Q: 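Have a look at the structure that comes next, please.
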4 protein chains.
Amino acid sequence: MTKGEETRQMIIKSAAPIFNKKGIAATAMSDIMDATKLSKGSLYVHFENKDELVMTVVDYNMQLLGSKVFETLRKARSAREKLIAYIDVLSTPVNPIVEGGCPMLNFGMEADDTNEVVTKKVNEAVVFSQQIISDIIKKGIDEGEFSNEWNYKDFALVMFAMIEGGQLICRVARNNRKMQVIKANLLEQISRWEL
Amino acid sequence: MTKGEETRQMIIKSAAPIFNKKGIAATAMSDIMDATKLSKGSLYVHFENKDELVMTVVDYNMQLLGSKVFETLRKARSAREKLIAYIDVLSTPVNPIVEGGCPMLNFGMEADDTNEVVTKKVNEAVVFSQQIISDIIKKGIDEGEFSNEWNYKDFALVMFAMIEGGQLICRVARNNRKMQVIKANLLEQISRWEL
Amino acid sequence: MTKGEETRQMIIKSAAPIFNKKGIAATAMSDIMDATKLSKGSLYVHFENKDELVMTVVDYNMQLLGSKVFETLRKARSAREKLIAYIDVLSTPVNPIVEGGCPMLNFGMEADDTNEVVTKKVNEAVVFSQQIISDIIKKGIDEGEFSNEWNYKDFALVMFAMIEGGQLICRVARNNRKMQVIKANLLEQISRWEL
Amino acid sequence: MTKGEETRQMIIKSAAPIFNKKGIAATAMSDIMDATKLSKGSLYVHFENKDELVMTVVDYNMQLLGSKVFETLRKARSAREKLIAYIDVLSTPVNPIVEGGCPMLNFGMEADDTNEVVTKKVNEAVVFSQQIISDIIKKGIDEGEFSNEWNYKDFALVMFAMIEGGQLICRVARNNRKMQVIKANLLEQISRWEL
DNA sequence: TATGAATGAGCCTTCATTCAT
DNA sequence: TATGAATGAAGGCTCATTCAT
């Protein structure tokens, strides 16, 4: 990795939580300057403009979330365990695995009326997230852990929606408790299709 | 209503969808000038500063959502019908009843890391929304429509979370279809407690 | 006095210390609104614009100072006593007889490079002040209290200058002590011409 | 000196007479833009805000006065000559050595009721000015030019006050003549202690 | 690659003033 | 006479971006 590429990565890492917390519009390039201790001009060596940095950072935050989720999933054995792991890793919205909270929710809600490119990126991540859940269950069905009558694709959507809704509830409540109710409901639904 | 109060209301009504769509930080007072056809100074006759306008508009948007929901609920008879009406009225995130989409999601996600006052307002609305659902079911139980063994408070939370999560999914997908999957799941859970 | 004239006087009295303390440029019409509890429009019923109010208030402050000085002088008998009374009444710049301090100094220093009309008003007050001192001494000479060889006009100038310089020194020092040194020097000069 | 420091000095030099003439409140950043031919943003590269520029300019003006006085004093030999030089250099208030007139008087009178920091700066300059006079006389006493019975500290205060009062008188009168009366009085007082 | 001075549009807010009621 | 809604210029300041070094 060249020096330039190193700096670029450092900028992305530093900028990611700032954009995820403050939002795109409220984050100024000077915030990134402060965080990176880089000069104004230097930022523009690595990113043509704020928009390019935004796009990169939106991707980065969502990929970071994805990789943290995958990391957790790897430790789980059965499909059921994997589903629980997925829920658990997202069960602390106040202390989220990605600083600032779920980037899909953050960027999606900011961009849906103003920024088509970001909206599309978020949609892809949303679809991908459901795919992950869906894939876990599919494997569970194939391996005889779950009933093959389960409409698992619909459940993946439901599970994703519930978790995201839980993020909103918990983050504005400033505590994680309500996620346990959501978890319980999901577990109950899951167990209904266990063999 | 005095002329001043009339103008103030007009400003709120004009500003509400703008803030709900663009977000607080990205909305400039000049956007409100354009929308109201009022002069810069005139805006400040009715609102001390941007923040006061923001607070008023956040409240307004959430109350607007509430009143639209209540209006719909009034037309439904049984508790089951009311729950369905609640779901239905929120089942078109792309063409939402409140311009710009769910203000709890919009303002909550923008404010949770930066604006304690707005976050508190959103939390109250979130709690209140669940209370509405909860009250409907409670009445249904009391009137023998649902089993009194239903943990309806937890279900209200789950239902609210699922609907909010559905907003994210549909708005970034640019279509309302996935809300039907969510509706189906909710209906299935509801019917399980019907007498 | 008509109701209108009464209001006008009330405005002047309220505005006088504000302009004398904050200065002309730094005082906004809204400061006067607040102080008078009058509406924006009402102020403009009594004064065509800020400038007219300024002119009136500058005059008022200097006349107020003059009348307070005269009031004090009346109580003194001999010319010497009158000179001492004049010094004494101006010997507490930190707790001045006119709220905000000497208006000649305040308005003179603000206006000398920017406002010819105010400058002229101040000059007249400055000349008049020296005339007062001068008149006291003249009467003292005529009545055999002071030597007729005293160049009393020059002394009046010196005495006025010293007192004004003392205002600056004491007001920025936040205490009145240095005025006593000035008083002593003036007394020493005065006594030299006593018969 | 870096380019930035050069620009900063240029701004200070350009801004100094403007603030000294118009006053702090009445001087807009746009006045400084015009004078420096610099853009709005550029001003804020070198000064965090107006206040920082004000503080710097207040200091600059008073130091400029000080250095011009010192320069003059250096040319004088005896203590008497130095005192005369001091008086003379301040004897043309209408054509002052520092553009806009005595900054102690200008900033002191504007700030004494509104700006504690500036007031303190002015007080220090006022005290320092008297110290200069005082030091001159002390040296004159030590070298046998003046009587050691002279209360020279009190005289320094008196002399400073008289000169400052003279500034007011002359500037509003739009001519320097009265300073000669003040000078004569001071000379008379000085000569009384000459050996 | 990195710097930081320079830019000017745009932001929120205040100002003096006008005018219909 | 008194009100307060309305105005738009101007205020201080921040922003994304450019560019010479």
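In this text the structure is predicted, and so the values were computed from the model without any measurement. First the proteins, then the strands, lettered A, B, ... as listed; each starts at 1.
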Q: Just to confirm, is there a sub-4.0 Å distance from OP1 or OP2 of F:dA5 to any side-chain nitrogen or oxygen of B:S42?
A: no

Q: Do any side-chain nitrogens or oxygens of D:T7 fall under 4.0 Å of OP1 or OP2 in E:dA6?
A: yes

Q: Just by modelled atom types, is the A:G100 backbone N or O under 3.5 Å from a matching donor or acceptor in the A:N106 side chain?
A: yes

Q: Taking only the side-chain nitrogens and oxygens of C:S30, find out if one of them lies under 4.0 Å from OP1 or OP2 of E:dC15.
A: yes

Q: Any base atoms under 4.0 Å from C:T27, or only sugar-phosphate, or nothing? Heavy atoms, all strands.
A: sugar-phosphate

Q: Rounded to whole Å, how long is the line connecting atom CZ of D:R8 with atom C1' of E:dG4?
A: 15 Å

Q: Given 3.5 Å as the limit, does a donor-acceptor pair link the side chain of D:R171 with the main chain of C:D112, or not?
A: no

Q: Side chain of D:S39, heavy atoms from C-beta onward: which of E:dT7, F:dT7, F:dG11 has the nearest atom to it?
A: E:dT7

Q: If you pin D:A28 and C:V45 to their nearest nucleotides in DNA chain F, which one's is more 5'?
A: C:V45

Q: Name the residue closer to the 5' end of DNA chain E, choosing between C:M29 and D:K3 according to the nucleotide with the nearest heavy atom.
A: D:K3

Q: Map B:K50 and D:H46 onto DNA chain E by nearest heavy atom, then report which one ends up closer to the 5' terminus.
A: D:H46

Q: Rounded to the nearest 0.5 Å, what's the gap from CE on C:M55 to CG on C:N49? Could you check?
A: 9.0 Å

Q: Which nucleotide, E:dC12, F:dT7, E:dT3, lies nearest any side-chain atom of B:Y44?
A: E:dC12

Q: Which nucleotide sits closest to the side chain of A:K40: E:dA2, E:dT7, E:dA5?
A: E:dA5

